[in-house]
*Asks:* 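This is the structure I have questions about; it appears just below.
By convention here, the first residue in the shown sequence is residue 1. Just the heavy atoms: all of them, side chains too, but no hydrogens, waters or symmetry mates, feed the values below. No experiment lies behind these values; they were computed from the predicted model shown.
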Amino acid sequence: DKELYEIAYVDALTGGDNYASFKQKWKHMEHINGFIVAFDIDRFGNVSQLVGTEKSNELLKEVCDMLKRQLTSEEMLAHVEQDEFILLLCAKNPMELQKRIDLLGKHILSMSMELGMPALHAVFGVYAAQEVNNVDAAYSCAIQAKNTIKGNYNKYCGFYNDASVVQAKECQELADNFTSAIEHNAFEVWYQPKINAQTEQVVGAEALVRWRQLDGSMISPGKFIPVFEGNGMIAVLDEYVFSMVCSQQKKWREAGRNIVPVSINVSRASLRIENIAQRYSKIAAEYGIDTSCVQLEITESATVSDENLEECLKELHDAGFKLLLDDFGSGYSSLVDLYHMPFDVIKLDKSLIDYIEENQGGQLVRQMIAYAKSMGRSTTAEGVESKSQLELLRSMECDDIQGFYYDKPMVKEKFASKYLKA
Ligand code: C2E
Ligand code: MG
Ligand code: MG
């Protein structure tokens, strides 16, 4: 009986409770005034790889022992699997709990340092419920709360009712609906014209994706692009938008319209896919569209270190695509990129244009345009909203203008009838 009991309820790694035992004890507890807490070590897999399984198991045991010493008699701790633990912690209120958890987190960090181990960053997720009938459900909420703070080294603790959890759920929903949205053509491409500053003729357009919902409303890319950049689906979306634009260009040309080059936004995450230059050239060729008619805007992202980027851009450029450096001046892009990479056009970010009427801001943009020119690059100003901005940009010899002053992004039919001469 003893052996069977141990197999069922004693955790092999820590010698303490396992999850089944936690749940058993929970059942027998009377009014619980506590919080269900999920706990693990961020990127523990990396630590294991670095120090080996044996050492990392010892380390987990140390962490577990330390936590146990900090618990009161009404509290509980159990090892669930790998580096995952469940706790029942008591506190008068969430603030008090947070303080305690922060201390635990700091303690675990300094413990790992003292042992000469890689720094251990503990993450805790809290589900605060008055009454928990279903431990599984409560634990899964606590895990969700924990996942929202992963990678954020200033934080040890996330709460289930935080806005971030709601947001994470929304993101999950977006991700879940992606494939069916592609299948049902729910992604629409809108077009915003680019106008030559001197002649005021249309010289191109930018393709901007929108997600049409069943109720007819639209979700803007600011909401879903970051989600898809996070889960890798962005490559599928970008290629899809690219195909849609090629197909549209073909239709417009066949309808006898004078087409203009249309630029597509390509996330840096998309550039990581194998042979992107070949894939995109092939799609353009299938539609009989010359690569000069579909330009690529490389959107900046926070994760810039990418050794293959230069090579990849060169291949795209060699395949005949014009490359636009998007959001220049927004903080992510750098002058070094401009110098090394084969960009043809620099798109000055709206944040620069917003300050153009101030003395310093104007000087900055003037210098940037001159610098781009000196390197043989042309410039497009983004987010131009007023006539005075336009006139300043014209005086600075900015080549092209994109912004609400001329037009907002619009559906393809409107763009064609307004800007593409038959
Ligand atoms: P972006 O590439 O910098 O595109 C310009 C954004 O500024 C667009 O927002 C456009 O509607 C907006 N805009 C243009 N002129 C003005 C103006 O005068 N005033 C103001 N306030 N805004 C202006 P949108 O369509 O919401 O797109 C946001 C971002 O989402 C884009 O920024 C781009 O980075 C990304 N994005 C859009 N479509 C795609 C796509 O197909 N793939 C990828 N990877 N990213 C995309
Ligand atoms: Mg863009
Ligand atoms: Mg931009």
*Asks:* Less than 4.5 Å apart, any side-chain heavy atom of Arg210 and any of Pro221?
*Replies:* yes
*Asks:* Any idea which heavy atoms bring Gly105 and Ala122 closest together, and the distance?
*Replies:* CA-CB, 4.3 Å
*Asks:* Between Asp102 and Lys106, does any NZ, NE, NH1 or NH2 come within less than 4.0 Å of an OD or OE carboxylate oxygen?
*Replies:* no
*Asks:* What is the ring orientation for Trp211 with Phe187, classed by angle as parallel under 30°, tilted 30 to 60°, or perpendicular over 60°?
*Replies:* tilted
*Asks:* Do other residues, nucleotides or ligands put more than 12 heavy atoms under 6.0 Å from the OH atom of Tyr355?
*Replies:* no
*Asks:* By the ring pair (Phe, Tyr, Trp, His ring centres under 6.0 Å) test, which pairs, at least two apart or in different chains, include something from residues 64-89?
*Replies:* Phe39-Phe85, His79-Phe85
*Asks:* Please check if atom CG in Asp215 has more than 12 non-hydrogen atoms from other residues, nucleotides or ligands closer than 6.0 Å.
*Replies:* yes
*Asks:* So for atom CZ, which belongs to Arg257, do other residues, nucleotides or ligands contribute more than 12 heavy atoms lying within a distance under 6.0 Å?
*Replies:* yes
*Asks:* Would you please classify the geometry between the Tyr5 ring and the Tyr9 ring as parallel, tilted or perpendicular, with 30° and 60° separating the classes?
*Replies:* tilted
*Asks:* Has Lys282 got more than 12 heavy atoms of other residues, nucleotides or ligands less than 6.0 Å from its NZ?
*Replies:* no
*Asks:* Is the gap between the ring centers of Tyr419 and Tyr191 under 6.0 Å?
*Replies:* no
*Asks:* Please find the pair of heavy atoms, one from Phe35 and one from Pro94, that lie closest to each other, and give the distance.
*Replies:* CZ-N, 4.1 Å
*Asks:* Quick one: closest heavy-atom pair of Met76 and Leu71, and the distance?
*Replies:* C-CD1, 3.7 Å
*Asks:* With no hydrogens and no angle check, do the side chains of Tyr156 and Asp42 hold a donor and an acceptor under 3.5 Å apart?
*Replies:* no
*Asks:* Counting only heavy atoms not in Met113, do more than 12 sit closer than 6.0 Å to its CE atom?
*Replies:* no
*Asks:* Should Glu173 and Lys169 count as an ion pair when the cut-off is N to O under 4.0 Å?
*Replies:* no
*Asks:* Quick check: closest heavy atoms across Asp238 and Ser270, and the distance to 0.1 Å?
*Replies:* OD2-OG, 2.6 Å
*Asks:* Could you list the residues that satisfy salt bridge (Lys or Arg N to Asp or Glu O under 4.0 Å) with Lys25, not counting sequence neighbours?
*Replies:* Asp17
*Asks:* Could you tell me if the ring centre of His317 sits under 6.0 Å from that of Phe343?
*Replies:* no
*Asks:* Scan side-chain atoms only and decide if Glu206 and Asn265 contain a donor-acceptor pair under the 3.5 Å cut-off.
*Replies:* yes
*Asks:* Looking only at side chains, do Ser330 and Asp349 share a donor and an acceptor under 3.5 Å apart?
*Replies:* no
*Asks:* Quick one: salt bridge (Lys or Arg N to Asp or Glu O under 4.0 Å) partners of Lys414, sequence neighbours excluded?
*Replies:* none
*Asks:* Do the rings of Phe321 and Tyr280 sit parallel, tilted or perpendicular, given the 30° and 60° boundaries?
*Replies:* perpendicular
*Asks:* Closest heavy-atom contact between Gln192 and Leu208?
*Replies:* OE1-CD1, 4.1 Å
*Asks:* Taking the ring centre of each residue, are Tyr160 and Tyr127 less than 6.0 Å apart?
*Replies:* yes
*Asks:* Measuring centre to centre across the rings, with the benzene-like ring taken for any Trp, is Phe178 within less than 6.0 Å of Tyr240?
*Replies:* no
*Asks:* Checking Lys194 against Asp399 for the salt bridge (charged side-chain N to carboxylate O under 4.0 Å, His left out) test, could you report, in this order, the C-alpha distance in whole Å, the side-chain angles of both residues, the deciding distance, and whether it holds?
*Replies:* CA-CA 10 Å; Lys194 297 174 193 168; Asp399 298 293; over 6 Å; no
*Asks:* side-chain contact (heavy atoms from CB on, under 4.5 Å), that's the test. Do Leu174 and Ile219 meet it? Break it down for me.
*Replies:* CA-CA 10 Å; Leu174 292 178; Ile219 313 187; 3.9 Å; yes
*Asks:* If you take all heavy atoms of Ala8 and Asn18, which pair is closest and at what distance?
*Replies:* O-ND2, 2.7 Å
*Asks:* Quick one: do Lys350 and Asp354 make a salt bridge, cutoff under 4.0 Å?
*Replies:* yes
*Asks:* Using distance alone, with no hydrogens and no angle criterion, decide if Glu297 and Ser263 have a side-chain donor and acceptor under 3.5 Å apart.
*Replies:* yes
*Asks:* Less than 4.0 angstrom from a charged side-chain N to a carboxylate O is my criterion; do Glu96 and Arg100 meet it?
*Replies:* no
